[in-house]
J.: 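Here it is, the structure, as structure tokens.
The structure presented is a predicted model; accordingly, all values stated were derived computationally and were not measured. In listed order, ligands and their atoms are each counted from 1.
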Amino acid sequence: MTIGVLAVQGGFAAHAKHLASVGATAVEVRTPGYFKGLDGLILPGGESTTITMGIESAGLAGPIKDHHAAGKPILGTCAGMIVADRDHLGLIDITTKRNAFGRQLASFEDDIEIDRIADGPVRAVFIRAPWVESTGDGVEVLATVRDHPVAVTEGTVTAVSFHPELTDDDRIHGWFAGECSGAGER
Ligand code: GLN
């Protein structure tokens, strides 16, 4: 199985190690030609304005939307959640609030229970993280922190406010790889 990691800007490299450890091949996606043969796509953290501009200048918005329309899963993490939202690529029916946890809580870690992730809480690393401000009817909230959604899913798109690639816990990547392995049948 091959999972692309959008490599425009930000924390794309750390995802590859986790994907390898759950048995997937990671491909750094930089141009439209990389989409052929992808089973899934990760939109990593970083700086959402820079990533959005990079997507535009590399002509990647269309291929990302085509990947989504083909029923192939997408996981957005931190800035990737913002890039996926209704105001950006429109992949998932949410709006997000950037840097939502405020200055004092710019970076923090929390053990959070996430629906669909078994075997106890996940250590979640938040770095100038967004939260989900509003959700459409089809969106399921998988986890909240301080009463704000930080993990959501709709159809084949899942978005988390934190950085699952920055801990040793592979469960989110493992779950996502499982979603991607069924994608060919959709
Ligand atoms: N604060 C960043 C943004 O608004 C996201 C931070 C991150 O991805 N760690 O784009």
J.: Is I82 touching ligand 1 with its side chain, its backbone, both, or neither, if touching means heavy atoms under 4.0 Å apart?
T.: side chain
J.: Which residue from R98, R128, K97, M81 reaches closest to atom 3 (C) of ligand 1 through any of its heavy atoms?
T.: R98
J.: Among S161, G10, S48, which one has a heavy atom closest to atom 10 (O) of ligand 1?
T.: S48
J.: For atom 2 (C) of ligand 1, which of G46, G80, P130, A100 has the closest heavy atom?
T.: G46
J.: Give the cluster check for I55 versus V27: same hydrophobic cluster or not, with ILVMFWY residues linked at side-chain heavy-atom distances below 4.5 Å.
T.: yes
J.: Please report which non-hydrogen protein atom sits nearest to atom 1 (N) of ligand 1, along with the residue it belongs to and the distance in Å to one decimal place.
T.: N99 OD1, 2.7 Å
J.: Report the C-alpha separation of I42 and H173 in whole Å, then their side-chain angles, then the decisive distance to 0.1 Å, and conclude whether the side-chain contact (heavy atoms from CB on, under 4.5 Å) test is met.
T.: CA-CA 10 Å; I42 294 179; H173 289 83; 4.0 Å; yes
J.: Under a 4.0 Å N-O cut-off, is there an ion pair linking E179 with R116?
T.: no
J.: How far is atom 7 (C) of ligand 1 from the closest protein heavy atom, and which atom is that?
T.: C78 SG, 2.7 Å
J.: For D111, look at atom CG and say whether over 12 heavy atoms of other residues, nucleotides or ligands are found less than 6.0 Å away.
T.: yes
J.: Do R146 and F108 form a cation-pi contact, if we require the NZ or CZ to be under 6.0 Å from the six-membered ring centre and within 45 degrees of the ring's axis?
T.: yes
J.: What protein heavy atom sits nearest atom 9 (N) of ligand 1, and how far away is it?
T.: H163 NE2, 2.8 Å
J.: Residues two or more places apart in sequence or in another chain: which of them pass side chain to side chain contact (heavy atoms under 4.5 Å, CB included) with H68?
T.: I74, L91, T156, V157
J.: Taking 4.0 angstrom as the limit and counting only heavy atoms of G45, give me the atoms of ligand 1 inside it, by number and element.
T.: 8 (O)
